[in-house]
Novice: 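Could you have a look at this structure, given as structure tokens, before my questions?
Just so it is clear, the structure is predicted and the values come from calculations on it, not from any experiment. Throughout, numbering of the chain's residues begins at 1 and tracks the sequence.
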Amino acid sequence: MASSISNEVQKICKRILRDIQVELTDEFDQNFERQAFFSQAWARRKSPTRPGGHILVDTGALRQSIQSVIHEDRIVFRSSLPYSYIHNEGGEIIVTAKMKRFFWHKYYEATGSFGRRKDGSKRKDKRTVQLSTEAEFWKFLALMKVGKAIKIPRRQFLGTSPEIEGIISNIVEENLNEYFNNEFDITQ
């Protein structure tokens with residue numbers, strides 16, 4: 001008898017964990033749509049490289065890298081990308097010589113795309129003006145001294161919050177109500 005109760009409790013816990021995993025995976029993904037960690041909006045982008053674009057979504061790799069694993073009595077959410085931590089927690093990165101070379105590359109890439117008139121001067125169209133702003137941004141970064149710190153604002157997309165606690169509480173309550181009302185399929 002005790003063994004069957006223990007098995008039922010384990011099955012209920014597994015189902016609760018699966019339900020939480022599915023719901024929180026969706027909520028963490030929605031943070032990228034909301035451009036906020038639930039109701040806490042992310043800092044706006046200062047870079048002119050992608051005006052009007054979603055924050056933290058360039059290729060979609062960060063968003064797609066979020067994984068979750070159930071370990072006995074807990075769920076672990078993580079990202080395998082090396083830059084995910086700095087975006088989630090915020091902090092500073094130090095300019096290196098390699099970064100400066102990258103910034104110069106992006107600067108030359110942006111300046112080579114300018115629309116030109118027959119006399120060689122830049123056009124005044126919207127795209128050229130935008131590229132000019134982008135080129136200035138990359139030049140600013142390229143001229144930074146090696147060792148200077150660049151501040152990355154915190155744009156949390158994973159973690160705990162009152163909203164998450166509420167979601168977990170609701171899932172646990174729903175599953176326990178189903179079990180005690182004999183609506184719970186224990187064979188799962």
Side-chain angles (χ1 to χ4, degrees), residues 1-94 99 102 106 130 134 137 149-188:
M1 178 76 176
S3 175
S4 71
I5 291 175
S6 175
N7 285 341
E8 284 185 24
V9 169
Q10 285 179 343
K11 288 179 181 179
I12 293 168
C13 287
K14 281 183 182 181
R15 181 171 168 178
I16 289 172
L17 285 175
R18 277 194 316 262
D19 288 353
I20 291 171
Q21 180 184 31
V22 168
E23 185 65 29
L24 291 185
T25 297
D26 183 54
E27 288 295 330
F28 291 145
D29 184 64
Q30 288 299 312
N31 285 333
F32 289 90
E33 287 295 318
R34 289 186 280 258
Q35 298 187 52
F37 185 64
F38 294 95
S39 59
Q40 187 178 10
W42 291 339
R44 300 306 308 166
R45 172 192 330 251
K46 292 180 183 172
S47 159
T49 58
R50 287 183 43 247
H54 278 343
I55 300 171
L56 294 187
V57 179
D58 188 13
T59 63
L62 181 61
R63 185 177 187 172
Q64 294 169 359
S65 74
I66 298 172
Q67 304 166 343
S68 62
V69 179
I70 296 177
H71 294 285
E72 293 180 24
D73 62 345
R74 68 189 194 289
I75 306 168
V76 177
F77 286 89
R78 62 186 173 87
S79 169
S80 58
L81 294 177
Y83 55 84
S84 63
Y85 180 82
I86 193 82
H87 285 299
N88 198 54
E89 300 300 323
E92 291 183 345
I93 56 174
I94 306 301
M99 290 168 70
F102 174 76
K106 296 300 280 185
Q130 208 259 278
E134 181 179 342
F137 171 75
I150 298 174
K151 186 176 183 329
I152 307 294
R154 182 178 192 198
R155 294 183 176 118
Q156 186 177 9
F157 52 91
L158 291 176
T160 60
S161 72
E163 291 91 348
I164 290 177
E165 291 173 13
I167 291 167
I168 292 171
S169 203
N170 288 341
I171 290 171
V172 169
E173 187 177 322
E174 286 174 16
N175 277 282
L176 291 178
N177 282 339
E178 284 180 22
Y179 175 73
F180 289 118
N181 293 331
N182 294 321
E183 298 169 6
F184 192 87
D185 184 7
I186 206 71
T187 59
Q188 291 185 7

Novice: Within the distance-only criterion (no hydrogens, no angle test), does the side chain of R34 pair as donor or acceptor with the backbone N or O of E27 below 3.5 angstrom?
Specialist: yes

Novice: Charged N to carboxylate O under 4.0 angstrom, R18 versus E23?
Specialist: no

Novice: Which atoms form the tightest heavy-atom contact between I94 and A149, and what is the distance?
Specialist: CD1-CB, 3.8 Å

Novice: How far does CD1 of I86 sit from NZ of K151, to the nearest 0.5 angstrom?
Specialist: 9.5 Å

Novice: Would you compute the distance between atom CG of L176 and atom CD1 of I12 and round it to the nearest 0.5 angstrom?
Specialist: 6.5 Å

Novice: Is a side-chain donor or acceptor of N31 paired with a backbone partner of F38 at a separation under 3.5 angstrom?
Specialist: yes

Novice: Taking it one step at a time, do H71 and V76 satisfy side chain to side chain contact (heavy atoms under 4.5 Å, CB included)?
Specialist: CA-CA 8 Å; H71 294 285; V76 177; 3.6 Å; yes

Novice: For the atom pair CD1 (I16) and CG (D73), what is the distance rounded to the nearest 0.5 Å?
Specialist: 12.5 Å

Novice: I93 versus Y83: any side-chain heavy-atom pair under 4.5 Å?
Specialist: no

Novice: Any chance the rings of F157 and F37 have centres within less than 6.0 Å?
Specialist: no

Novice: Check E72 with K14, please: is the shortest side-chain N to carboxylate O separation under 4.0 Å?
Specialist: no

Novice: Check whether more than 12 heavy atoms from other residues, nucleotides or ligands sit under 6.0 Å from atom CZ of R154, and answer yes or no.
Specialist: yes

Novice: Between S79 and Q67, does a side chain to side chain donor-acceptor pair (under 3.5 Å) hold up when you go through it step by step?
Specialist: CA-CA 6 Å; S79 169; Q67 304 166 343; over 6 Å; no

Novice: Before accepting this row, confirm whether a basic side-chain N of the pair R155/E89 lies closer than 4.0 Å to the acidic partner's carboxylate O.
Specialist: no

Novice: Begin from the C-alpha positions of V9 and Y179 and carry the test side chain to side chain contact (heavy atoms under 4.5 Å, CB included) through to its verdict.
Specialist: CA-CA 10 Å; V9 169; Y179 175 73; over 6 Å; no

Novice: With a 6.0 Å cut-off (strictly less than), is the heavy-atom count around CD of Q40, excluding the residue itself, greater than 12?
Specialist: no

Novice: Given 3.5 Å as the limit, does a donor-acceptor pair link the side chain of D29 with the main chain of T25, or not?
Specialist: no

Novice: Identify the residue among N170, N175, I168 that makes a side-chain contact (heavy atoms from CB on, under 4.5 Å) with V172.
Specialist: I168

Novice: Between atom NE2 of H87 and atom CD1 of I152, what is the distance when rounded to the nearest 0.5 Å?
Specialist: 6.5 Å

Novice: Hey, could you give me the CZ/CZ distance between R63 and F28, rounded to the nearest 0.5 Å?
Specialist: 14.0 Å

Novice: Between F77 and I75, is the side chain to side chain contact (heavy atoms under 4.5 Å, CB included) condition met? List the steps.
Specialist: CA-CA 7 Å; F77 286 89; I75 306 168; 3.5 Å; yes

Novice: With a 4.5 Å cut-off on side-chain heavy atoms, are E8 and K11 touching?
Specialist: no

Novice: More than 12 heavy atoms of other residues, nucleotides or ligands under 6.0 Å from OH of Y85: yes or no?
Specialist: no

Novice: Please answer whether the main-chain N or O of L62 pairs with a side-chain N or O of S65 as donor and acceptor at a distance below 3.5 Å.
Specialist: yes

Novice: Under the 3.5 angstrom rule, does the side chain of N88 hit a backbone N or O of L158 as a donor-acceptor pair?
Specialist: yes

Novice: Side chains of Q10 and R15: closer than 4.5 Å at any heavy-atom pair?
Specialist: no

